[in-house]
Amino acid sequence: MNAHSLRGFRDILPPESEVFAGAEAAAREVFRLYGYRELRIPTIEAKELFVKSTGDTTDIVEKEMYAFTDQGGREVAVRPEGTPGVVRAYIENNLSQSGRNAKYFYIGGMFRAERPQAGRYREFTQIGAEHIGNPSPFADAENILVLFSILDRLGLAGLSVELNSLGCGGCRKNYRETLLAYLKANLDALCEPCRNRIDRNPLRALDCKADGPALAEKAPKMALCAPCSAHFAKTQELIKAAGREFHVNPNMVRGLDYYTRTVFEVRTSALGSQDAVAGGGRYDDLVKSMGGPQAPAIGWAMGLDRLALLLKDKPRPSADAEAFVVAASEAAREPAFKLLTELRAAGISADSSNFELSLKSQMRSADKSGAAAALILGDDELKNSSCSVKFLKDKREQLTMPAAQLPAELKKLLN
Ligand code: HAM
């Protein structure tokens, strides 16, 4: 048996797992402030859900989905993103009827069979936020401000935020012919996949990395209809009024089919080609097209694996035990085990190695543990109802204290 994880799948070990947990905790706190509540959606859904929502002209559905026929002959897929599941849950559970805001967040693994590289994995974690049922630019601004607030909490600076509007169906219908004519006149500049899909989805050629930026820069720009133009202007005004900076990128179209009006992306220059830390936008027609009520919506998702790469060198609270208990004799093993329980009950994180090993070996583990102090119980300590405290991180003298005063005294010493 070759103990190897699959390509593109990885173990997230401490301390990286602690970076993940810290970012999740920060996001949860911000979501609470903004009134977003958690929705837990299934990992596997009917394949058709993603084909119809993420879109059958997207790379995600065309090439990257883990889809299979299950034992019951059903066509299913492992979720490549969270939005379709949230929309399905909204429709299936009649959430539009609840009388409450449909503002939801989710945290979980997503799966795309992309070519793995640094910052790009086949299983990755997203934190996502969806606000369904509010067409107003105030919802756009609020949804985007949630994202800014989470990035603030994480202490991430130097990120650029790009904004664009893809207009409504009407704007796109008018633009489609103009763009198609331009692309057809420049067929040589298009990569093979773009050439194959221009009739189905000409917009995608605008942010295709393979086609290069020149094609997009020279392309005719979409003219927004008056309501879409007003919506975009108001959204920008509200974000600016909140003191946030962004820039408008008229070529950003995003790689999913359901977007209408506002789209946005947060990028970093620190991660090479995998520069998108988060992305999202409005999807005003998706809920209805999936058989639900007319419910315009907006949302985003951020990639936690990429955030973790940006956060890995930032100081964070230590996850090491504060105290490491050592049993220096056979008689001390059970009292030492009891001491561990007392310390934890008093809120002091405590650990030990195997009490049945030698004192030397236990002390070596104590040194490696990262704990601030080793608490040593041996025959002398038992006789005197005391405990020896050896400081492991500073040069304070070893001391002996009455067992009855632990853990209260230890708390003071560790502070
Ligand atoms: P997305 O742009 O496909 O949007 O993904 C959002 C984020 O997930 C990306 O910015 C990136 O940080 C992370 N991500 C995507 N693929 C990978 C990968 N292979 N490895 C590591 N990280 C990755 C969505 O998924 C939409 N559902 C966002 C949304 C919500 N739009 C509206 N509501």
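We're numbering straight along the sequence, starting at 1. What you are looking at is a predicted structure, and each value in this text was computed from that prediction instead of being measured. Start at 1 and go down the list; that is how both ligands and their atoms are numbered.
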Inset, instruction - Let me know which protein residues bring a heavy atom to under 4.0 Å of ligand 1; chain then number is fine for ordering. - result: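 If the criterion is a heavy atom under 4.0 Å, then ligand 1 touches Glu81, Thr83, Arg112, Glu114, Gly119, Arg120, Tyr121, Phe124, Gln126, Glu130, Arg254, Leu256, Tyr258, Tyr259, Ala276, Val277, Ala278, Gly279, Gly280, Gly281, Tyr283, Gly299, Trp300, Ala301, Gly303, Arg306.
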Inset, instruction - Please examine the side chains of Tyr90 and Pro293, heavy atoms only from C-beta on, and report whether any two atoms are closer than 4.5 Å. - result: yes
Legend entry - Within-4.5 Å side-chain heavy-atom neighbours: Arg195 and Lys184: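 No; the side chains remain at least 4.5 Å from each other.
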Inset, instruction - Using the ring of Phe391 (Phe, Tyr or Trp, six-membered ring only), decide whether Arg396 places NZ or CZ under 6.0 Å from its centre and within 45 degrees of its axis. - result: yes
Legend entry - Lys/Arg cation over aromatic Tyr121: Arg10, 6.0 Å, 45° cone: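 Verdict for Tyr121: a cation-pi partner in Arg10.
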Legend entry - Ring centre gap for Phe105 and Tyr36 strictly below 6.0 Å: no
Inset, instruction - Answer yes when Arg254 and Glu265 have at least one side-chain N-carboxylate O distance shorter than 4.0 Å, and no when they do not. - result: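 Yes.
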